[in-house]
*Asks:* 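Input: one structure, supplied below.
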Amino acid sequence: QTHFLSHSLQAKMSRPVQARRLEGIDKNIWVEFVKLAATYSKVNLGQGFPDFPPPDFLTEAFTRALGGNHMLHQYTRAFGHPPLVTVLAQFFEKLLGRDLDPMTNVMVTVGAYQALFCCFQALVDEGDEVIIIEPFFDCYEPMVRMAGGTPVFVPLRPNPPKDGKLMSSADWQLDPAELASKFSERTKAIVLNSPNNPLGKVFSRGELGLIAELCVKHDVLCISDEVYEWLIYDGKQHIRIASLQGMWDRTVTIGSAGKTFSVTGWKVGWVVGPDRLLQHLRTVHQNSVYHCATIAQEAVAQGFQRELRLYGKPESYFVQLPKELQQKRDWLVQSLDGVGMKPIIPEGTYFLVADISQFKSDVPDAPNSDEPYDYRFAKWMVKSKGLAAIPLSAFYSEAHKNNYTNFIRFCFAKEEATLKAANDILQKWKQEKTSS
Ligand code: PMP
């Protein structure tokens, strides 16, 4: 026994265990800020998920699936449960104006997150460059790096309106010459995220046309993350880049039932695109996760069948949800504007970015810290005010982070009571400021 113990102690590994592809990508904003919010927040407007219930028709579909055909507890088709890929194909045929084969033009994934992972693993090689528009959903960068690619960043640049009005996410724009300068013979793909997390920007037809033109000119792929496709406000229109001239053949469009039906915990996502691209995504998928929970896919299929029947009608969830969210956006805009935390009005998504440059005197100085102001502010705010939000510089590359440290991101997909509680915190804060 003693001999065995000392042997096992000596056998402790000393060689490096981490694969080289993980070097430099171990930090993750969500691990830290989700924990901070769980520990300190009274009102959590940080991570992006609704605190209101999903629609009854969807939870009812799930319950029916649970108690119905017992085969729904078993494996289904690897690349997507047949009823779900079928209805997704029907739905996207309408949206993209082209025929789709459910078996080859659609694949179901474990959330949009795994769809992204499949895209980068399947399409990006060692040495390839991938253009990422800043600010960006933070996982794009490590996913490109894990695939051996090199991210190349191009920022949306803010153009403040001159008339003293609040800024809109539409005021953040690409510089066409700067964007063009990022394309080279090494460029394999560009990642587009419209509506954009964190800004809520909905790219215009002109902006998408410019991106499409550059993709065609340089023979580049487009990974189009459209998870907020239904969350569009003020009568704006969501334009799918895959529907523009020359783009279908080179575009993978990504969606998420989590965002579409307010069920982020179900982790059902999908990709739509040409077979010549999706065949390689299927290779990654079948050799990594294989498939997504059958019951969740069945319920999402039924949700889409309902939405297909009610398409464009007032009872459609895709019509109702954005209406409700627009109201919530406007409440939060008002609360923030009232205390001088200037909001940038989002055209889409359930996020809102606000300017915190007026609050520098509230946050204690940290002369020896190289932590950006927005990180220090967000941490201080959750600890001392109980309100959680996410620093905007988390959505920038290391090289550009320091140019965008005066903003934080709030999620407004929350119950009226939650937004009211946030407003109470902000108003009280304002009173303390004016009386001190
Ligand atoms: N893309 C963007 C832009 C997102 O904001 C998110 C979720 N925050 C995802 C993808 C991941 O979606 P899912 O939860 O379906 O994996």
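Along the sequence shown, the residues carry numbers beginning at 1. Start at 1 and go down the list; that is how both ligands and their atoms are numbered.
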*Asks:* Note down each nitrogen or oxygen pair, ligand 1 side and protein side, whose separation is under 3.5 Å; give only atom names and the distance to 0.1 Å.
*Replies:*
unit_1: ligand 1; atom_1: 1 (N); unit_2: Asp225; atom_2: OD1; d: 3.3
unit_1: ligand 1; atom_1: 1 (N); unit_2: Asp225; atom_2: OD2; d: 2.5
unit_1: ligand 1; atom_1: 5 (O); unit_2: Asn197; atom_2: ND2; d: 2.9
unit_1: ligand 1; atom_1: 5 (O); unit_2: Tyr228; atom_2: OH; d: 2.6
unit_1: ligand 1; atom_1: 8 (N); unit_2: Lys259; atom_2: NZ; d: 3.0
unit_1: ligand 1; atom_1: 15 (O); unit_2: Ala112; atom_2: N; d: 2.8
unit_1: ligand 1; atom_1: 15 (O); unit_2: Ser256; atom_2: OG; d: 2.7
unit_1: ligand 1; atom_1: 16 (O); unit_2: Ala112; atom_2: N; d: 3.0
unit_1: ligand 1; atom_1: 16 (O); unit_2: Tyr113; atom_2: N; d: 2.9
unit_1: ligand 1; atom_1: 16 (O); unit_2: Lys267; atom_2: NZ; d: 2.8

*Asks:* Taking salt bridge (charged side-chain N to carboxylate O under 4.0 Å, His left out) as the definition, give me every residue that meets it alongside Lys401, ordered by chain and number, with sequence neighbours left out.
*Replies:* none
*Asks:* Salt bridge or not between Arg64 and Glu298? Use side-chain N to carboxylate O under 4.0 Å.
*Replies:* no
*Asks:* Under a 4.0 Å N-O cut-off, is there an ion pair linking Arg306 with Glu60?
*Replies:* no
*Asks:* Is the ring centre of Phe91 less than 6.0 Å from the ring centre of Tyr311?
*Replies:* yes
*Asks:* Identify, with sequence neighbours excluded, every residue that meets side chain to side chain contact (heavy atoms under 4.5 Å, CB included) alongside His291.
*Replies:* Tyr75, Thr76, His285, Thr294, Gln297
*Asks:* Identify, with sequence neighbours excluded, every residue that meets salt bridge (charged side-chain N to carboxylate O under 4.0 Å, His left out) alongside Arg240.
*Replies:* Glu226, Glu229
